[in-house]
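To keep things clear, I will list the structure first and then write my remarks on it.
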Amino acid sequence: MAVIAAFVLNAGLNFVLGLLIAKLLGPAEFGLFALATAGAIVANTVLFEWLRLSATRFYSARVRIDEPWIRQGLDRAYMALTLSLFVAALICAGLGFTLEPNAGSRLAITAGAAVAALGIGVFDYHAALARARFDGRLYFNLVAVKNGLAFVLMAGAAWFFPQPVWVLTAAGISQAFAILLLYRPLRDPIVPRVRLKLREAWRLFVAYGLPLITANAIYQLLPFLNRGSIASHAGLAEAGYFALAADVTTRSIGTLGTALDLLLFQLAVRVEEEQGRAAAERQVGLNIGVVVALLLPCAVGFWAVLPALEALVVPEAYRGPFAAYAGLMVPGFFCLAMTNFALNPIFQIRRRTRPVIAAALVGLALNGLGLWLLPSRYGPEGIAIAQTAGLGAATLILAWRALTGPQRLHLPWWEILAASIASLAMALCLLPLRHIEPTRALLLSVPLGMAIYGALVWLFDIAGLRGHVAARLTRSPPETAPAE
């Protein structure tokens, strides 16, 4: 429950913070900020993601005591990469101060993006350690402190110094400082280092994580290339419209997926430790049913309330392009969520992660083809179509690899079909509300959609969710499990 509470807090504050920064910076500066943020995410993915993924796969409460070299190997690798990135940020800042003494210069923006990437990497790693130990209270505290600091520092920077470099720097500082404040409970017991074991651990991390970070880096390149393409063809303001729509859409769909992944993948890892690989694969199949049953109605519901959301929440300067871009990107970001949170885990459990690279490359190629063909016919919206097509193709390729062959994954097809039918029923009921006054539409659509879909889930026990909720509600205090 602590992980779910942290998810709700993180999602809510990030949503509000993104809109606030967009309003304070304006479309052009927000477009530059979004482009730099995409670069920071790519840098974080390339440098740190393989270690974070290794932490979620190989670290646990048992490993913390029995195999301390796993944490030692992770820490030492993180320290080396963090120092390297920090030195690179200092060099860029120094050169920018000397050669281009302007907070909007490329060197200054690069330095700010490096600081942001550093903060993201350090925070995500330590948050992954807390989740792997199933220490829900520590994870909640990390998220709460990070979000509080980020809201104050990033919003303050955007208010007092409305330039992207200062907001990027504040983003990095807020995440790193949250780790410093809670470093003591994050530490493991101090034991002597075994160099041979460290080298074995590093080889394991590279073999497992390198294909995953390659695929993730490719997926992160898509928004970076697409925003750059819009900026070069239609200006930074148009890139800002695209960026805000992408940011809100992916958070509305992907944030819940991230929260589910925090619980479900660690559950599969625990099942493997206790019952073996075959049981873990069965658990992954069950997890996919839960992911579809919860993310599909989120995507459909977001589409249903999109006109009202734009009219009531989105800053006025972004209205019009926001809904146009977001509507086109919903299917693509849903496919990306299925790739990350439903399909990738089976390859992670098997420790055979190379197929994810092939799928990502197919998506990148199709996205590039779309960038070449579609903008001339559909204008900037063609870039959103190209992104959705690329993400959809990548998901289909990975699904084909997972669901065919002698080791094909067995899915709970009834649960997936039932979730699809229930989501369609919800969409048909909400469709007329898209055209009424925005305030009434939002106030009616959200509870009505939840009631319709929730009733169908409860009636047919889709993905076993009724059983999970009933068990949580009827659990007696002495039997309460530790926070997840």
Side-chain angles (χ1 to χ4, degrees), residues 34-35 37-39 41-42 45-46 49 210-234 238-239 241-243 245-254 257 288 291-292 295-296 299-300 302-303 321 324-347 352-405 409:
L35 196 61
T37 300
I41 293 173
V42 171
T45 298
V46 172
E49 187 71 0
L210 190 58
L212 292 172
I213 67 160
T214 302
N216 285 345
I218 292 171
Y219 287 125
Q220 297 300 338
L221 275 176
L222 295 185
F224 186 74
L225 293 174
N226 294 341
R227 293 172 189 183
S229 179
I230 287 184
S232 64
H233 286 91
E238 193 70 30
Y241 303 145
F242 181 91
D247 185 62
V248 172
T249 305
T250 190
R251 289 183 188 280
S252 299
I253 299 171
I288 291 175
V291 170
V292 173
L295 291 192
L296 184 56
V300 172
F302 177 78
W303 172 82
Y325 283 130
L328 293 171
M329 288 190 280
V330 167
F333 284 127
F334 174 74
C335 288
L336 180 62
M338 290 298 101
T339 296
N340 288 334
F341 311 126
L343 296 173
N344 277 0
I346 185 59
F347 299 100
R352 299 173 184 172
T353 49
R354 292 183 180 179
V356 300
I357 299 179
L361 287 173
V362 170
L364 180 64
L366 192 58
N367 183 91
L369 182 63
L371 290 181
W372 182 40
L373 297 176
L374 297 178
S376 61
R377 173 170 295 188
Y378 299 104
E381 292 181 1
I383 295 176
I385 298 173
Q387 180 173 285
T388 293
L391 294 174
T395 302
L396 289 176
I397 292 294
L398 198 61
W400 178 77
R401 290 296 301 269
L403 303 177
T404 59
L409 181 67

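Atoms considered below: every heavy atom in the structure, side chains included; atoms not considered: hydrogens, waters and symmetry mates.
Checking side-chain atoms of T249 against main-chain N and O of A246 turns up no donor-acceptor pair under 3.5 Å. In this structure a side-chain-to-backbone donor-acceptor pair under 3.5 Å is present from T214 to L210.
When all heavy atoms are compared, the tightest approach of L328 to A384 is CB-CB, 4.0 Å. The heavy-atom pair separating C335 from G392 by the smallest distance is SG-CA, 3.8 Å. V291 and A342 get closest at one heavy-atom pair: CG1-CB, 4.3 Å. Between A243 and A34, the closest heavy-atom pair is CB-CB, 3.2 Å. In terms of heavy atoms, G228 sits closest to L35 at N-CD1, 3.7 Å. Annotation for V248 and F302: closest pair CG1-CE1, 4.0 Å, computed over non-hydrogen atoms.
Rounding to the nearest 0.5 Å places CZ of F333 at 8.0 Å from CD1 of I253. The line from CD1 of I397 to CG of L361 is 11.0 Å long, rounded to the nearest 0.5 Å. Rounding to the nearest 0.5 angstrom, the gap separating the CG atom in L212 from the CZ atom in F347 is 10.5 Å. To the nearest 0.5 angstrom, L222 atom CG is 9.0 Å from L371 atom CG. Separation of atoms CZ (F334) and CG (L295) is listed at 6.5 Å; rounding is to 0.5 Å. Taking CZ of R354 as the start and CZ of R401 as the end, the distance is 11.5 Å to the nearest 0.5 Å.
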Assess whether side chain to side chain contact (heavy atoms under 4.5 Å, CB included) is satisfied between L409 and I288, documenting all intermediate values. CA-CA 10 Å; L409 181 67; I288 291 175; 3.4 Å; yes
Check step by step if side chain to side chain contact (heavy atoms under 4.5 Å, CB included) holds for T339 and Y219. CA-CA 11 Å; T339 296; Y219 287 125; 3.7 Å; yes
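Each of N226, T388, I383, L391 was scored for a side chain to side chain contact (heavy atoms under 4.5 Å, CB included) with N367, with one residue passing: N226. T395 pairs in a side chain to side chain contact (heavy atoms under 4.5 Å, CB included) with only one of the listed residues (N340, L343, V362), which is L343.
Side-chain polar atoms of Y325 and E238 form a donor-acceptor pair below 3.5 angstrom.
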